[in-house]
Amino acid sequence: MIIGALTSLFSSLPSNDWPLKKIEIVQVGDPVLRKEARSLSLKEIRSQEIQDLIEAMKITMREATGVGLAAPQIGKSLQLIVIEDLDHSHLTQEQLLERDRRPVPFHVVINPKLFIEEKETAEFFEGCLSIPDFVGVVPRAKKIRVECLNEKGEFTVIHAKGWYARILQHEIDHLNETLYIDRAIHGSLISKEEYLQKLRK
Ligand code: ZN
């Protein structure tokens, strides 16, 4: 019997609901969120295990109505991120403009390197699927560049601004043991409910 080298890598995956279902999102306090994630090799990226993991992360992100999900958030300390920001129905045209928020189709970011293209920052409330009931104001660079691999292992350069740049910075932080609450302006943390009330006003 041949046992693939990768099976041991992913031996901690839940066996009963694997592979293509929603995975439970790890909550703040779990040590995996405070661990440097390791990069993936080309061979790993092209493996069925990682392709299945990407699919499961996509399902999990969509079910949680998030705009990004990093592998540490589902308990895997790997430099792997999924992003999709298409539903803006809760924001007015003016709020979208203010946030410089545009539709971002689904895509995968692997082994990213972040470069700040413009030091000027924008400050907005930001939330996280691993800290579900709160939001805080986080300054983020307005314009960035990310060099990474896509789900096929191809080298990709992403130029991002506005909200998309914010999402990328937030998710890449997850790979570097950082949460938005580490960067939030002191005293800005409020409940999500309070934030949604503010948004409606
Ligand atoms: Zn997050």
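Values in this document were obtained by computation on a predicted structure and should not be read as measured data. Heads up: numbering here begins at 1 and tracks the sequence.
The existence of a salt bridge linking Lys142 and Glu120 is confirmed by a sub-4.0 Å separation between a basic side-chain nitrogen and an acidic carboxylate oxygen. Checked for salt-bridge contact, Arg145 and Glu117 meet the test: a charged N lies under 4.0 Å from a carboxylate O.
With values rounded to the nearest 0.5 angstrom, Asp85 atom CG is found 9.5 Å from His107 atom NE2. Glu44 CD to Leu53 CG: the interatomic distance, rounded to the nearest 0.5 Å, is 11.0 Å. The CZ atom of Arg99 sits 9.0 Å away from the CZ atom of Arg166 when rounded to the nearest 0.5 Å. Here Ile190 contributes atom CD1 and Gln197 contributes atom CD; the two are 9.0 Å apart, rounded to the nearest 0.5 Å. Between the CD1 atom in Ile25 and the CE atom in Met61 there is a gap of 10.0 Å [rounded to 0.5 Å]. The distance from the OG atom of Ser39 to the CD1 atom of Ile45 is 8.5 Å, given to the nearest 0.5 Å.
Legend: residues meeting ring-ring contact (aromatic ring centres under 6.0 Å, His included) with Tyr195, ordered by chain and number and at least two apart, are Phe125. Partners of Lys161 by side chain to side chain contact (heavy atoms under 4.5 Å, CB included), not counting sequence neighbours, listed by chain and number: Asp100, Arg102, Lys143.
Side chains of Thr178 and Asn176: no donor on one and acceptor on the other come within 3.5 Å. A side-chain donor from one of Gln73 and Ser130 sits under 3.5 Å from a side-chain acceptor of the other.
Hydrophobic cluster of Trp163: the remaining members, joined at side-chain heavy-atom separations below 4.5 Å, are Val67, Ile81, Ile83, Val104, Val109, Leu114, Ile116, Phe124, Ile144, Val146, Ile158, Tyr164, Ile167, Leu168, Ile172, Leu175, listed by chain and number.
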Using a 3.5 Å cut-off and no angle test, enumerate the donor-acceptor pairs between side-chain atoms of residues 133-140 and protein atoms at least two apart in sequence or in another chain.
unit_1: Arg140; atom_1: NE; unit_2: Glu126; atom_2: OE1; d: 3.1
unit_1: Arg140; atom_1: NE; unit_2: Glu126; atom_2: OE2; d: 3.4
unit_1: Arg140; atom_1: NH1; unit_2: Asp173; atom_2: OD2; d: 2.9
unit_1: Arg140; atom_1: NH2; unit_2: Glu126; atom_2: OE2; d: 2.7

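Cluster membership check: Leu189 does not share its hydrophobic cluster with Leu196, using side-chain heavy-atom separations under 4.5 Å among Ile, Leu, Val, Met, Phe, Trp and Tyr. Cluster annotation: Met57 and Leu149 are assigned to the same hydrophobic cluster (Ile/Leu/Val/Met/Phe/Trp/Tyr, side-chain heavy-atom contacts under 4.5 Å, transitive). In this structure, Leu33 is not a member of the same hydrophobic cluster as Leu69, with clusters built from ILVMFWY side-chain heavy atoms closer than 4.5 Å.
Put simply, the side chain of Thr65 never gets that close to the backbone of Glu63: no donor and acceptor are under 3.5 Å apart. Not one N or O on the side chain of Glu98 forms a donor-acceptor pair closer than 3.5 Å with the backbone of Glu94. When atom types are taken as modelled, the side chain of Gln79 and the backbone of Ala37 share a donor-acceptor pair closer than 3.5 angstrom. Looking at Asn150, its side chain does come within 3.5 Å of a backbone N or O of Gly153 through a donor-acceptor pair. In this structure, Gln169 contributes its side chain and Ala141 its backbone to a donor-acceptor pair below 3.5 Å. Without hydrogens or angle criteria, Asp182 side chain to Leu179 main chain gives a donor-acceptor distance under 3.5 Å. Using modelled atom types, one side-chain atom of Asn111 and one backbone atom of Leu40 make a donor-acceptor pair closer than 3.5 Å.
For residues 33-91, no pair satisfies ring pair (Phe, Tyr, Trp, His ring centres under 6.0 Å), with sequence neighbours left out. Screening residues 167-191 for ring pair (Phe, Tyr, Trp, His ring centres under 6.0 Å), with sequence neighbours left out, gives His170-His174.
Of all heavy-atom pairs between Ala56 and Ile23, the closest is CB-CD1, 3.6 Å. Here the shortest heavy-atom pairing between Gln51 and Glu151 reads NE2-O, 3.0 Å.
In this structure, Leu42 and Arg46 have side chains that are in contact, with non-hydrogen atoms separated by less than 4.5 Å. By the 4.5 Å heavy-atom criterion applied to side chains, Leu91 and Arg101 are counted as neighbours. Proximity of Ile110 to Cys148: side-chain heavy atoms (C-beta onward) are nowhere separated by under 4.5 Å.
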Exercise. Apply the test side chain to side chain contact (heavy atoms under 4.5 Å, CB included) to residues Val26 and Ile74: give CA-CA distance (whole Å), side-chain angles for both, the deciding distance (0.1 Å), then the verdict.
Key: CA-CA 5 Å; Val26 166; Ile74 48 146; 5.6 Å; no
